[in-house]
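In what follows, chains are A, B, ... by sequence order, proteins preceding strands, each numbered from 1. Because the structure is a prediction, the values reported are computed rather than measured.
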There are 2 protein chains.
Amino acid sequence: MNLKQLAKELNLSFSTVSKALRDSHEISTDTKKRVLAKAKELNYQVNPLASSFRKQKSLTIAVVIPEVVNDFFGPVINGIESIAQEKGYHVLIYLTHEDMQKEVAITQLLQNGRVDGIMMSLSEQTSETTHLEALKEKGIPLVFFDRTVDQPDAPKVTTDDYNCGIKATEHLIENGCKQIAFLSISQHLSISNKRMNGYLEALKKNNIKSDSALLVSCDSHDAKNNERIQELLKRENRPDGIFASVEKLAISTYKICEALRLNIPNDVKIITFSNSYTAPFLNPSLTTVTQPAYEMGREAAAVLFKLIEKKKPASPMENIVLNSVLIARNSTKSELAR
Amino acid sequence: MNLKQLAKELNLSFSTVSKALRDSHEISTDTKKRVLAKAKELNYQVNPLASSFRKQKSLTIAVVIPEVVNDFFGPVINGIESIAQEKGYHVLIYLTHEDMQKEVAITQLLQNGRVDGIMMSLSEQTSETTHLEALKEKGIPLVFFDRTVDQPDAPKVTTDDYNCGIKATEHLIENGCKQIAFLSISQHLSISNKRMNGYLEALKKNNIKSDSALLVSCDSHDAKNNERIQELLKRENRPDGIFASVEKLAISTYKICEALRLNIPNDVKIITFSNSYTAPFLNPSLTTVTQPAYEMGREAAAVLFKLIEKKKPASPMENIVLNSVLIARNSTKSELAR
DNA sequence: TTTATTTACGACAACGTTGTCGTAGGTTTT
DNA sequence: AAAACCTACGACAACGTTGTCGTAAATAAA
């Protein structure tokens, strides 16, 4: 069932039918009603492939993220999807698996009108940005969220990672930690660096000498990370506080503490960025900095649709910063009886 | 940059160029090389919208699921995406939010060639299946996974829910439970019913009278669920074992036990279906039946692509059943000192 | 009444690609 | 040497829709 057949049924030209369906002012209300009724009767729906092709608009956006097995990106997708559904858009998901090569390959795929806009959160490995610049040059609406990058000047939606880095570190200090380690997740990643800078700033403010031996560089290699954390906790003068930049590192630390028979929080206190809803039920319950993931998805999608619809030349690049919240739980408690 | 322009640069007709790019046998190897080289030089890529339209193939599949904020659907998507990426396909995500009306609306959207195939896991509410039959009739390749339904005879990928229902219940019995409650998540949902039937069968096998008062019907209404569970645990003869059909009900139960000062596992033991990687770190660690979510995604995607590629008339409807595994932890331990 | 304007519709050309068909020139077969 | 057959390419018509333009008939302005 296509336009031509529908037009034949109605004894109208197919261009008239097309216009009637799109509520053109050129068509009388009577005819519109007739067409609409017949279209419903025969269950006519426009061929989206033909329509997209003709208009060179796919009504589709792409979401490029490192992982979906994650309590953060889940709600983000949720937020994005809710806005997209309102707007009548479709959502493509691409996973980079923290692999920059995949990220490059994906951006390559998205350069030819398959999508009307792209939302990205970068992989841990992403050090170069030429593939992102390429997207920018092609004029494809692009929004970064959470894991951003400076170079392609595109709108960004992030959380107050630097301030939360300070808050998290000071929370450990307030609870008696003297030697605080920071577990970073990437050299390149904005969030990791901002959180670390907050950590360093908090140390300075509180007159604590920062010690590079307490900066543990982790990455997407879980086994390697475990070794690094284990090495850290086996040291003679092991840290009494750990600030994990992402949740998986905190969970690894839990595992290792269990193995090493270290008590949390008495031997070592732990705080992490996390969106896990099970954090309150962990043993011990985990102190977290929790990001407004769902809202982030919604905000980022809203910004993207502004770009898509208004075709704004992206002059005053929006840079939305949402606030995360620190939720203190037992993993950082100072006076917990053993 | 399109075919015509590329052809002009090469002094060839655009149909020759098109054929050369698709490695047609009609074109000499010399010409192919020239064309390929020039295409790379000028960074030509086929317009996917035009190509899809012409071939009436979108190279896209849809994944329709209830939620993504969930430790199960995350890895499933991961598995699906890994296969799709191999095949050069794109993955659209649609969330029903456990709402049948949304599910119907989404299936409506997918009837017109926007996607080459669909993978679905039904919403809790889905009682009717006319919208699914419609997809079947349109001849769109369709695969159900996890939350399936009998009526549209389509391939299904599930786990051994019935057997695991038995195993989980017997695990509680073995650990001393006499009064076991079952928290179902939907009247309609295959997984909920299969798990419940396993539960009932296990009771029968062990000569325990089943009691409808111990069958708690939950749904997507979290607050209501909490009331129901609270009511259950406040009873005079409250159950000493709880079998939650999905993880979120187990977490609710944890919360309520905390509020009611009930000790898990001494006062009440808990087992649940769950894919949360934090289960071992909960307080107490949570005994789970864990589904092979990633493999399920891969299997389901593989079946879908068989349908798409072979255009098999779906005669011997595949019905793949994967095995889940019961991991005993402290939430069901019988001899845990208080 | 004549001329300008609006209303409501139809004809038609794109959009970029793919696949069918036609064919000139060369190669093999009889 | 004529007939049959490849080889390698070009011409062209789709695919279904959208938007521009043209134009009768109806209405309004002169």
Side-chain angles (χ1 to χ4, degrees), chain A residues 1-39 42-60 88 90 109-116 138-139, chain B residues 1-39 42-60 88 90 109-116 138-139:
Chain A
M1 176 53 53
N2 59 22
L3 263 186
K4 260 178 216 162
Q5 296 171 39
L6 183 60
K8 194 171 281 176
E9 293 279 337
L10 286 157
N11 277 323
L12 287 169
S13 79
F14 70 96
S15 38
T16 302
V17 175
S18 169
K19 278 181 267 196
L21 288 171
R22 275 168 300 118
D23 201 31
S24 162
H25 65 273
E26 288 185 14
I27 307 299
S28 70
T29 36
D30 280 358
T31 308
K32 280 182 192 167
K33 271 186 211 161
R34 267 185 64 217
V35 171
L36 250 21
K38 200 74 178 178
L42 300 180
N43 192 29
Y44 168 81
Q45 287 178 265
V46 299
N47 181 324
L49 264 38
S51 182
S52 287
F53 165 56
R54 174 61 224 260
K55 295 194 285 190
Q56 293 293 325
K57 278 274 159 206
S58 61
L59 282 183
T60 304
H90 303 256
L109 280 179
L110 298 177
Q111 299 204 358
N112 278 67
R114 188 183 297 278
V115 295
D116 299 342
K138 287 251 178 182
Chain B
M1 175 55 53
N2 58 21
L3 266 186
K4 260 178 219 164
Q5 295 171 40
L6 183 60
K8 193 171 281 175
E9 293 279 337
L10 285 156
N11 277 323
L12 288 169
S13 80
F14 70 97
S15 37
T16 302
V17 175
S18 169
K19 278 181 270 196
L21 289 171
R22 275 168 301 118
D23 200 30
S24 162
H25 62 91
E26 288 185 12
I27 307 300
S28 70
T29 35
D30 280 0
T31 308
K32 280 181 193 167
K33 271 186 210 161
R34 265 185 66 216
V35 171
L36 252 20
K38 200 74 176 177
L42 300 180
N43 192 29
Y44 168 82
Q45 286 177 266
V46 299
N47 181 324
L49 265 37
S51 182
S52 287
F53 166 57
R54 173 63 223 260
K55 295 194 284 189
Q56 294 292 323
K57 278 276 159 201
S58 61
L59 282 184
T60 303
H90 303 256
L109 280 179
L110 299 178
Q111 298 204 359
N112 279 68
R114 188 183 297 279
V115 295
D116 298 341
K138 287 253 178 179

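- B:Arg114 approaches B:Thr60 most closely through the heavy-atom pair O-CB, 4.1 Å.
- By the stacking rule of 5.5 Å between ring centres and under 30° between planes, B:Phe53 stacks on the base of D:dC15.
- In this structure, the CZ atom of B:Arg114 is 14 Å from the C1' atom of D:dG16, given to the nearest Å.
- Not one N or O on the side chain of A:Asp30 forms a donor-acceptor pair closer than 3.5 Å with the backbone of A:Lys33.
- With the nearest nucleotide of DNA chain C identified for both A:Thr29 and A:Lys55, A:Thr29 has the one nearer the 5' end.
- As a whole-Å value, the separation of B:Asp30 CG from D:dC9 C1' is 14 Å.
- One atom, CG of A:Leu10, and another, P of C:dA8, lie 17 Å apart when rounded to the nearest Å.
- Counting only heavy atoms from C-beta on, A:Glu26 has its side chain closest to D:dC21 among C:dC21, D:dC21, C:dT17.
- Within the nucleic acid shown, B:Thr31 comes within 4.0 Å of sugar-phosphate atoms alone, with no base atom in reach, counting heavy atoms only.
- A 4.5 Å side-chain heavy-atom check between B:Leu6 and B:Lys38 finds at least one atom pair inside the cut-off.
- Between the P atom of D:dA8 and the NZ atom of B:Lys33 lies a distance of 13 Å, rounded to the nearest Å.
- When the nucleotides C:dT17, D:dG16, C:dG19 are ranked by their closest atom to the side chain of B:Ala50, C:dT17 comes out on top.
- B:Arg22 has no side-chain polar atom (N or O) that falls below the 4.0 Å cut-off from OP1 or OP2 of C:dT17.
- Close to D:dC9, at under 4.0 Å from its OP1 or OP2, lies a side-chain N or O of B:Ser28.
- Counting all heavy atoms, side chain and backbone alike, B:Leu21 lies closest to B:Tyr44 at CD1-CE2, 3.4 Å.
- Side-chain nitrogen and oxygen atoms of A:Tyr44 include at least one within less than 4.0 Å of the OP1 or OP2 phosphate oxygen of D:dT17.
- Applying the 6.0 Å contact sphere to NZ of A:Lys138 captures more than 12 heavy atoms from other residues, nucleotides or ligands.
- The separation between B:Asn11 atom CG and D:dC9 atom C1' is 14 Å, rounded to whole Å.
- At a non-hydrogen distance threshold of 4.0 Å, A:Phe14, A:Ser15, A:Ser18, A:Lys19 from residues 12-20 of chain A come into contact with DNA chain D.
- Atom-to-atom, CG of B:Leu49 to P of D:dC15 comes out at 18 Å; the value is rounded to the nearest Å.
- The distance from atom NE2 of A:His25 to atom C1' of D:dT20 is 12 Å, rounded to the nearest whole Å.
- In this structure, the NZ atom of B:Lys57 is 15 Å from the P atom of D:dG16, given to the nearest Å.
- Atoms CG and CD, from A:Asn43 and B:Gln111 in turn, are 6.5 Å apart once rounded to the nearest 0.5 Å.
- Looking only at side-chain heavy atoms (C-beta outward), B:Asn112 and A:Val46 stay at 4.5 Å or farther from each other.
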